[in-house]
Trainee: 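What follows is a single structure, and I will ask about it in a moment.
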2 protein chains.
Amino acid sequence: MMMQSETPLLVKRHSGKNQTITMRDVAKSSGFSPATVSIVLNNAPLARYIAPATKKRIEEVAKKLGYRPNAMARFLRSKRSHSVGVMFFDITDPFCTPVLRGIENGLYQSSYVPIFADAHNQRNRFERYLEMLLEHHVEALIVVANWLFVDIQLLADLSKRNITAATIGWEMPGNDVSSVMVDNEAGGRLALEHLHHLGHRKIAFIRGPKMLIDSAPRWKGIQKFAHSAGLEIDPALVLQLPDSFDPNSGFEGGYRFTEELVQRKKRFTALMAFDDLTALGAIRALTKAGVKVPENCSVVGFDDVPLSSLSAPSLTTVRQPLEAMGNLAVNIVMEGVNAGLEKRDWNISRHKMNPELVIRDSTQAAVLSGSDD
Amino acid sequence: MMMQSETPLLVKRHSGKNQTITMRDVAKSSGFSPATVSIVLNNAPLARYIAPATKKRIEEVAKKLGYRPNAMARFLRSKRSHSVGVMFFDITDPFCTPVLRGIENGLYQSSYVPIFADAHNQRNRFERYLEMLLEHHVEALIVVANWLFVDIQLLADLSKRNITAATIGWEMPGNDVSSVMVDNEAGGRLALEHLHHLGHRKIAFIRGPKMLIDSAPRWKGIQKFAHSAGLEIDPALVLQLPDSFDPNSGFEGGYRFTEELVQRKKRFTALMAFDDLTALGAIRALTKAGVKVPENCSVVGFDDVPLSSLSAPSLTTVRQPLEAMGNLAVNIVMEGVNAGLEKRDWNISRHKMNPELVIRDSTQAAVLSGSDD
DNA sequence: GTCAGCGCTTGAAACGATTGAATAAAGATG
DNA sequence: CATCTTTATTCAATCGTTTCAAGCGCTGAC
C-alpha cells in the first residue's frame with residue numbers, strides 16, 4: 001500500500017496573515033480600554049469595582065473573538081510564567097513514569113505547564129537544562145532523582161533566584177530543599193516481615209548500591225526487624241550491588257548475584273531484592289537454575305514499578321506511592337510559589353510517604369523440610 | 001493531606017533583592033548600547049560588522065555578570081519561544097517512554113525546551129492542553145498517540161496559527177499533518193515469518209482492536225505472508241481484542257483470550273499477539289494452564305517495549321525504533337519551523353520506519369510430533 | 001464652599017529584549 | 001574635493017500585557 005515517504009503530499013504555505021487577537025483588539029471591539037479588559041479577564045483585585053455589565057460585555061467579546069492571552073507578554077509584566085521545570089535524572093527508569101504522571105496531573109489542576117528535562121544522568125546535561133529552565137523563568141523546579149549523582153550547584157543557583165524546589169526520591173544533603181521520599185526503613189521492614197510470616201528463615205539479600213540513598217535505610221529496616229523477630233541474617237547470603245549509573249543495571253546485577261548465590265550451595269528459601277528490577281533479574285537466574293519461583297524460593301522486590309504486576313510470576317513487592325509522591329511535590333512547590341507571591345515566609349518540608357506491601361505470586365509459604373528453624 | 005513533616009526546618013525568606021541581570025546591565029557595564037549587546041550575543045546578521053574586540057568585551061562582561069537572556073522578553077519581539085509542545089495521549093503506555101526520550105534528545109540538540117502534556121485519553125483534557133500550549137506559543141507540536149481517539153480540531157487550530165505539527169504512532173486522516181509510524185505490515189510479516197521458519201504451522205492469533213490504526217496493517221502483513229508461504233490460518237484460532245481506552249488493557253485481554261483458546265482444545269504450537277502486553281498476558285495464561293513457553297508454545301509480541309527484555313521468559317518481538325521515531329518527529333517539525341522562519345514553503349511528510357525482529361526466549365523451533373505439516 | 005469618598009474606568013509607564021533605519025567615521029573612487 | 005562604500009555602532013519603536021496612580025462626575029459631610 002504505502003511505503004517510504006516518496007509522496008510529495010501537501011505543501012504548507014506560510015500564510016502571510018498571522019492574525020493573532022490581542023487584548024487591544026478585545027478592548028477596541030468592546031469599547032473599553034486595555035486596562036479594563038486586563039482587569040476583568042484576570043479577575044484582578046480591581047475587578048471588584050468593575051460594573052457587572054462591563055464584565056459581561058468584555059468576557060463575551062473576548063470569547064467571540066477567540067482571544068487567548070499571551071503567556072510571554074503577561075510574564076514580562078507580572079513575572080509569572082505559569083510553568084514549572086520538571087527535571088528527571090533518567091526518564092528511562094520505570095520508577096519515573098508514574099511520578100511524571102503525578103506531577104503532570106498536579107500541575108494541570110493549577111493550570112501550570114511542565115517543562116520537561118532529562119539529565120541522562122550527566123552532570124553537564126543537568127546544568128545545561130538548569131540554565132534553560134532559568135531562561136524560561138520557571139516558577140518552580142521539581143527534581144526526580146532516585147538513581148543519582150550529587151549536585152550541589154542546584155541549591156546555590158536556585159535559592160539565589162528565589163525559585164522553590166522539591167526533590168522526589170532523594171534528599172539534598174543539608175536542609176535547604178523540600179523533598180518527598182518513601183519511608184525506606186518501613187518498607188524494608190514490611191518486606192522482611194512478610195517473608196518471615198510466611199515461615200521463611202533462610203533468606204538471601206541483595207542490597208542496593210552504596211551510592212543510592214535508599215540502600216542504607218532499607219537495610220536498616222531489615223536489620224531492625226530481623227533483630228526484633230530473632231531472625232538471623234547469614235552474611236554468606238548477603239550481597240551488595242555495585243554502584244552504577246544505569247537504572248536498568250539492577251536487572252543484570254540481580255541476575256549475576258543470584259547465579260552466584262545459587263552456586264554457593266548455601267540453601268535459602270527466599271530472596272529479598274533491593275528493587276523490582278533486581279528481583280526480576282533474580283527470578284530469571286533462579287528459573288534458569290531450575291529453582292521454581294515461588295515454589296522453591298520466594299522473591300520480593302521494592303518499588304512496584306508498572307511492570308511488576310505483568311511479570312511472570314507477578315512480583316510481590318513494596319509499593320512506593322509514586323503518583324502521589326509526584327502530586328505532593330507539586331503541592332509543596334505551589335505552596336512555595338504562593339508564599340513568594342504574597343511575600344510570606346514558608347517552611348521547607350521533608351516528607352516520608354508510607355510504603356505498602358503488595359502481595360502477588362512471587363512469594364508463598366515456606367515448605368517446612370527438616371530442621372528449618 | 002500532609003503527614004509526618006514534624007521538623008520545622010529551614011525558613012525560606014523572600015529575599016527582597018531580585019537581582020536579575022538584564023541586557024541593559026551588560027550594556028552599561030561594557031560601555032556599549034543594548035542594541036550592540038543583543039547583536040553580539042545572538043550573533044545576528046549585523047554581527048559581521050562588529051569589531052572583534054567589541055565582541056570579546058561584551059561576551060566577557062556577559063559571562064562575568066552571569067547574564068542570562070530572558071526567553072519571554074525575547075519572544076515578545078522575535079516571536080520565537082524556543083519551546084515545543086509534546087502531547088501524549090497516555091504516558092502510562094510503556095510505548096511512550098522511549099519515544100519521549102527520543103523527542104527530548106532531539107529537542108535538546110536544538111536548545112528547544114519541551115512542554116509536556118498528557119491527555120489521559122480524554123478529549124477535553126486534550127483540548128485544554130492545546131489551549132495552554134497555544135498560550136505559551138510553542139513553535140511546534142508533536143502528538144504521540146498509539147492508542148487513541150480521533151480529534152479533528154487539531155488540524156483546524158494549528159494550521160490556522162501556522163504551527164508545524166507531527167504525529168507519532170498515528171496518522172491524521174487526510175494529508176495535512178506529518179507523521180511517523182512503524183511499517184506495521186512489514187512487522188506483521190516479520191513476526192509470522194519467524195514463527196514459520198521455526199516450523200510452526202498451527203498458529204493462534206490475537207489481533208488488535210479495530211479502533212487502533214495499527215491493527216489492520218499488521219493483520220494484512222500476516223495474511224500476505226501466510227498466503228505467500230502457503231500457510232493456512234485457522235479462523236478458530238483467531239481472536240480480536242475489543243476496543244478500549246486503557247493502554248494496559250492488552251495484558252488483560254491477552255490473558256483472557258488465551259485462556260479461551262486453550263479451553264477450545266484446538267491445538268496450536270505458537271501464538272502471535274497484537275503487542276507485547278498482549279503477549280505477556282498470553283504467556284501468563286499459558287503458564288497457568290500448564291503450557292510451557294517456549295517449550296510447548298512459542299509466543300511473539302510486537303513493539304519491544306522496555307519491559308519485554310526483562311520478562312520471564314524474555315519476549316521475542318518486533319521492535320519499533322521508538323527513540324528514533326521520536327527523534328525523527330523532532331527533525332520534521334524543526335524543518336517546518338525553519339521553513340516558516342525563512343518564509344519558504346515545505347512539505348508535509350509521512351514516514352514508515354522499518355521494524356526489526358528481536359529474537360529472545362519466548363520462541364523456539366516447533367516440536368515435530370506426528371503429522372504436523 | 002471645600003474636601004473626602006465613592007464607583008467605575010483609564011493613561012501611561014513599565015517589563016527585557018529585537019530590529020529596521022539612521023548615524024558616524026574611515027577608506028576608496030573618480 | 002565631493003561622493004560612494006564599508007565598517008561599527010546606536011536610536012527608537014515595538015512586541016502584548018499588567019499595574020499604579022489618577023480621573024471622572026457625583027454625593028454627602030464638615
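Naming convention: chains lettered A, B, ... in sequence-line order (proteins, then strands); numbering from 1 in each chain. For clarity, every value in this text was computed on a predicted model and none was experimentally measured.
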Trainee: State which of D:dT18, D:dT10, D:dC15 makes the closest approach to the side chain of A:S78.
Mentor: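 That would be D:dT18.
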Trainee: What I want to find out is whether A:R125 reaches A:D90 closely enough, with some N-O distance under 4.0 Å, to be called a salt bridge.
Mentor: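 A:D90 and A:R125: not salt-bridged.
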Trainee: Whole angstrom is fine here: how far is it from CZ in A:R68 over to C1' in D:dT17?
Mentor: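 Between C1' of D:dT17 and CZ of A:R68: 17 Å.
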Trainee: Could you state the NZ-C1' distance from A:K79 to D:dT17, rounded to the nearest angstrom?
Mentor: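 Interatomic distance, NZ of A:K79 to C1' of D:dT17: 12 Å.
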Trainee: What is the separation between atom CE on B:M23 and atom P on C:dC15, rounded to the nearest whole Å?
Mentor: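 Nearest whole value for this atom pair: 14 Å.
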Trainee: Take atom CZ of A:R80 and atom C1' of D:dT19, then tell me their distance rounded to the nearest Å.
Mentor: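 Interatomic distance, CZ of A:R80 to C1' of D:dT19: 15 Å.
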Trainee: For DNA chain C, determine which residues of residues 33-40 of chain A have any heavy atom closer than 4.0 angstrom to one of its atoms, and list them numerically.
Mentor: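 Residues of residues 33-40 of chain A under 4.0 Å from DNA chain C: A:S33, A:A35, A:T36, A:I39.
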Trainee: Under a 4.0 Å threshold between the charged nitrogen and the carboxylate oxygen, would B:E127 count as salt-bridged to B:R123?
Mentor: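 Salt bridge between B:R123 and B:E127, a charged N being under 4.0 Å from a carboxylate O: yes.
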Trainee: Quick one: which of D:dT19, C:dT18, D:dG16 gets closest to the side chain of A:R77?
Mentor: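 Per side-chain heavy atoms of A:R77, the pick is D:dT19.
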Trainee: In whole angstroms, how far is the P atom of C:dG16 from the NE2 atom of A:H136?
Mentor: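 In whole Å, C:dG16 P lies 17 Å from A:H136 NE2.
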Trainee: Which residues within residues 42-58 of chain A lie with some heavy atom under 4.0 Å of an atom in DNA chain C?
Mentor: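 Going residue by residue through residues 42-58 of chain A, the ones with a heavy atom under 4.0 Å of DNA chain C turn out to be A:Y49, A:I50, A:A51, A:T54.
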Trainee: Using distance alone, with no hydrogens and no angle criterion, decide if A:N338 and A:R344 have a side-chain donor and acceptor under 3.5 Å apart.
Mentor: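 No, A:R344 and A:N338 have no side-chain donor paired with an acceptor closer than 3.5 Å.
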Trainee: Check whether NZ of the Lys or CZ of the Arg B:K79 lies under 6.0 Å from the centre of the six-membered ring of B:F75 and within 45 degrees of that ring's axis.
Mentor: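 Judged by the rule (NZ or CZ under 6.0 Å from the ring centre, within 45° of its axis), B:K79 counts as positioned above B:F75.
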Trainee: Kindly indicate whether the side chain of B:I50, heavy atoms from C-beta on, has any atom under 4.5 Å from the side chain of B:T36.
Mentor: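 Yes, side chains in contact.
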Trainee: For A:R74 and D:dG16, is the shortest distance between a side-chain N/O and OP1 or OP2 below 4.0 Å?
Mentor: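 A:R74 to D:dG16 OP1/OP2: no side-chain N or O under 4.0 Å.
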Trainee: Report the distance from atom CE of A:M72 to atom P of D:dT17, rounded to the nearest whole Å.
Mentor: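 One finds 12 Å between P of D:dT17 and CE of A:M72, rounded.
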Trainee: What is the separation between atom CZ on B:R24 and atom C1' on C:dA17, rounded to the nearest whole Å?
Mentor: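 So the two atoms are 9 Å apart, to the nearest Å.
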Trainee: Using a cut-off of 4.0 Å on non-hydrogen atoms, how would the nucleic acid contact of A:F75 be classed: base, sugar-phosphate, or nothing?
Mentor: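 It contacts nothing in the nucleic acid.
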Trainee: Just by distance, with hydrogens left out, do B:R68 and B:T20 show a side-chain donor and acceptor under 3.5 Å apart?
Mentor: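 Side chains of B:R68 and B:T20: no pair found under 3.5 Å.
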Trainee: Let me know the distance between CZ of A:F32 and C1' of C:dG11, rounded to the nearest Å.
Mentor: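 Interatomic distance, CZ of A:F32 to C1' of C:dG11: 16 Å.
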Trainee: Closer than 4.0 angstrom, basic N to acidic O: yes or no for B:K64 and B:E60?
Mentor: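 Result for this pair is no, no salt bridge flagged.
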Trainee: With respect to the phosphate group of C:dA17, does any side-chain polar atom (N or O) of B:T22 fall under 4.0 Å of OP1 or OP2?
Mentor: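 Looking at the OP1 and OP2 atoms of C:dA17, one of them is under 4.0 Å from a side-chain N or O of B:T22.
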Trainee: Are B:E104 and A:H120 close enough that a side-chain donor and a side-chain acceptor fall under 3.5 Å?
Mentor: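 A pair is found: one side chain offers a donor N or O, the other an acceptor, under 3.5 Å apart.
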Trainee: For B:R80, does the CZ atom sit with more than 12 other heavy atoms under 6.0 Å from it, leaving out its own atoms?
Mentor: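 Count over threshold, so yes.
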